[in-house]
Amino acid sequence: MPLLAVNNLHTFFKTREGEVRAVDGVSFTIDRGTMLGIVGESGCGKSVTMLSIMGLIELPGRVVDGSAVFQGRDLLKLKGATLEDIRGHEIGMIFQDPMTSLNPTLTIGTQITETLRRHLGMSKQQARKRAIELLQEVHIPNASSRLDDYPHRYSGGMRQRVMIAIAISCNPKLLIADEPTTALDVTVQAGVLDLLHELRSEHEMAVIIITHDMGVVAETANDILVMYAGQVVEHASAYDLFDRPEHPYTEALLEALPQVEGEGIRDGRLRSIPGRPPDLIDPPKGCRFAPRCAYAGLDDCAVVQPELREIRPGHWVRSRHPASERVAQPVGVG
Amino acid sequence: MPTTTGEPLLVVKNLKKYFPIRKGILIDRTVDHVKAVDDVSFEVRAGETLGLVGESGSGKTTSGYCVLQLLKPTSGSVLFNGQELTKMRKAGLRQVRRDLQVVFQDPYASLNPRMTVGDIVSEPLLVHDIGDRRSRRRSAEQLLEVVGFNPDFINRYPHEFSGGQRQRIGIARALALNPSLIVCDEPVSALDVSIQAQILNLLKDLQAEFGLAYLFIAHDLAVVRTMSDRIAVMNRGKIVEEGPAEEVYSNPQDPYSQALLAAVPIPDPRRMRERRAERRKHQDVLAESI
Ligand SMILES: Nc1ncnc2c1ncn2[C@@H]1O[C@H](COP(=O)(O)OP(=O)(O)OP(=O)(O)O)[C@@H](O)[C@H]1O
Ligand SMILES: Nc1ncnc2c1ncn2[C@@H]1O[C@H](COP(=O)(O)OP(=O)(O)OP(=O)(O)O)[C@@H](O)[C@H]1O
Ligand SMILES: [Mg+2]
Ligand SMILES: [Mg+2]
């Protein structure tokens, strides 16, 4: 049984212009101790997916359909205290929104011990001892003396390490990290990603890492979910996704990435995807990617939505023209 | 003035920019300095791209601003087309600006929201008193076409467009006076990958067509690699390594550039282990930047 099974999740926002179909039929599972990367461009619904699962969608947003079964319980049906207890205890979270990060008026120590005392009922002393261990675990130098510092004395990378320490403080079975390194320098990012990797194996903790960076998922995740316009368009093991991408969007995304290694980089052109992602208030009737897709046909693709189907064991794709089934050359691509 | 490829168009020598740190309640006094740019030298030849790469706060933007004379350098020399910019007065600089343009990171903040796209793009022509209303309008349409933008949108306002489209508007404006060098400061870092590729390709095409030179500033090492002939790596206000792009990336000499390159996430899961091991070798350098 998977640790978490999300099925047919739909989350919409009511706005003056109309209803935004931010998450529109998202399904996936994650097993114990594995790392799932959710990747996609800005606005494709990554954060809303995570917030929906955690019961953190606020009006004008609403989860209109779907389930998220975590260890046998549907999180979407839980209320108040029960959900509170799972959040931050069995499921640790790191949010993208900087407003929800560390409180500048409280010491680092207070912020870590608060969680320990609330969820695990530790005494002040126990919590303090554990907080020091946690800081050591995320490799903050001189942990015991840095515990009483305020956040402003910590660098950006150290603050993100503290966020991770808090998120894992109750030994969660699942950690969800939304863009945990996006604001960080690349050398600092590398440290944080390596830390997540290390913690996952040491604690047998499952991790969902949300990012827009294909490089970041490649360096961390076992499985990868590619989202486009509120939907999952491809889901596969990291190896299979990068070796044999199936969805035209995934293919294009990978070819659009500038490379740091190789030859002829300077003189080459990047593959670009014409147009831009669709409006989620009035998305295309058929395939969401059809207007930008080199393979889209006018008859089928523009009219009927393709289903997410398993094209080979463990490799799911939502396209009528996946790479391995293609015979014809794309329209307008040589 | 057409210069042939190979001649240095821009020569920056021993550039320094120190920002004072002031303290005091009634009377400010300078207690120390931030050495944002600390003795930096580089050259950009006509038609080529020099990539300036480095982490946040390393001094990239400050260097670019000093080249453009948007900031007055503390000391050092900036020779552009053989003219010393640091000693120039306003009127002289205005003439130089025709040849030396800039594209900023934030396509949202850098365009005046109350001006139409056409007015934004042709404003440099107005400022330099070039042509009349009608010819400027025609130029604006042409410029928009050059950057792959529908010229019919000339009467619309920036807020009606996406980030990538706004960045095209910014580029069209920079091209208006036919410059020989454009300083691009993080021109694609606010954009999604698929849109980023459109803009990078556009910049490459324009360079090939008009023989433009770029001082291309970015923190993304892959983006800089794809654009640059030569690359300078900055760290804490200094250039720690400079050379042909291939060499700097495949065989970095400076310990900081080595660590920086080892930290770049590579989109190839098969190399996860190897990359992690490589990073461990540079732990000492990396630990400093925790
Ligand atoms: N409160 C809201 N009201 C209306 N629309 C919203 C609201 N919150 C999110 N959306 C819309 O839902 C969609 C998905 O947003 P989401 O934040 O999940 O994107 P994301 O994939 O996390 O993007 P990013 O990479 O920029 O963080 C977007 O189109 C967004 O505009
Ligand atoms: N006006 C200013 N007053 C004081 N310090 C400044 C000023 N502008 C920049 N600095 C400092 O100078 C240093 C270099 O900043 P700069 O903006 O050039 O870095 P950068 O390499 O462009 O970084 P980023 O990648 O974040 O854009 C930083 O320490 C910055 O805080
Ligand atoms: Mg998000
Ligand atoms: Mg900058």
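To find a chain, count down the sequence lines: A is the first, B the second, and so on, and within it residues start at 1.
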Would A:Asp185 and B:His219 count as a side-chain contact (heavy atoms from CB on, under 4.5 Å) here? Give the steps. CA-CA 8 Å; A:Asp185 269 333; B:His219 68 278; 5.6 Å; no
Select one option (side chain, backbone, both, neither) describing which atoms of B:Glu274 are under 4.5 Å from chain A's heavy atoms. neither
Measure distances from B:Asp229 to the heavy atoms of chain A and classify the residue's part below 4.5 Å as side chain, backbone, both or neither. both
Is it the case that over 12 heavy atoms from other parts of the model lie below 6.0 angstrom from the NZ atom of B:Lys238? yes
Salt bridge check: are A:Arg266 and B:Glu48 linked by an N-O gap of less than 4.0 Å? no
In short, B:Leu221 meets A:Val260 closest at the heavy-atom pair C-CG1, 3.9 Å
If you count heavy-atom pairs under 4.5 Å between each of B:Met272, B:Arg275, B:Gln196 and chain A, which one has the most? B:Met272
So which residue, A:Ile273, A:Leu270, A:Leu254, ends up with the most heavy-atom pairs under 4.5 Å with chain B? A:Leu270
Closest non-hydrogen atom pair, A:Leu257 against B:Val193: CD2-CG1, 3.9 Å
Check whether any side-chain N or O of B:Asp192 sits under 3.5 Å from a backbone N or O of A:Glu41 as a donor-acceptor pair, and report yes or no. no
Heavy-atom neighbours of A:Arg312 CZ exceed 12 at 6.0 Å: yes
B:Asp268 and A:Ala218: which non-hydrogen atoms are nearest, and at how many Å? N-CB, 3.5 Å
Using side-chain contact (heavy atoms from CB on, under 4.5 Å), reason through A:His197 and B:Arg276 one step at a time and then give a plain yes or no. CA-CA 10 Å; A:His197 179 83; B:Arg276 238 175 236 132; 3.0 Å; yes
As an exercise: rank B:Glu246, B:Arg273, B:Met227, B:Arg225 by heavy-atom pairs under 4.5 Å with chain A and give me the winner. B:Arg225
Could B:Arg271 and A:Glu261 be called an ion pair, given the rule that one side-chain N must be under 4.0 Å from one carboxylate O? yes
Does any heavy atom of chain A fall under 4.5 Å from the side chain of B:Ser250, the backbone, both, or neither of them? neither
Using every non-hydrogen atom in the two residues, find where A:Gln189 and B:Pro265 come nearest and quote the distance to one decimal. NE2-CG, 3.2 Å
Given heavy-atom pairs under 4.5 angstrom as the criterion, report whether the side chain, backbone, both or neither of A:Gln160 touches chain B. neither
Rounded to the nearest 0.5 Å, the CZ atom of B:Phe161 sits from the CZ atom of A:Arg276 at a distance of 9.0 Å
May I ask you to say whether A:Arg269 pairs ionically with B:Asp205, meaning some side-chain N is under 4.0 Å from a carboxylate O? yes
Measure the spacing between CG of A:Leu193 and CZ of B:Arg279 and express it to the nearest 0.5 Å. 7.0 Å
Does a donor on one side chain and an acceptor on the other come within less than 3.5 Å for A:Thr187 and B:Glu55? yes
Given the rule in the side-chain hydrogen bond (donor to acceptor under 3.5 Å, both in side chains) test, do A:Arg292 and B:Ser194 qualify, once you have shown the distances and angles that lead to the verdict? CA-CA 11 Å; A:Arg292 304 175 76 189; B:Ser194 66; 3.3 Å; yes
Which pair of non-hydrogen atoms, one from B:Ala222 and one from A:Pro258, has the smallest distance, and what is that distance? CB-O, 3.3 Å
Less than 4.5 Å to any heavy atom of chain B: does that hold for the side chain of A:Asn222, its backbone, both, or neither? neither
Looking at every non-hydrogen atom in both residues, tell me the closest pair between A:Phe242 and B:Pro267 and how far apart they are. CD2-O, 3.4 Å
Does B:Arg270 qualify as a cation-pi partner of A:Tyr239, given the criterion of NZ or CZ under 6.0 Å from the six-membered ring centre and within 45 degrees of its axis? yes
Interchain contact, B:Ile266 with chain A, by part (heavy-atom threshold 4.5 Å): both
Most heavy-atom pairs under 4.5 angstrom with chain B, which of A:His212, A:Glu263, A:Glu219? A:Glu219
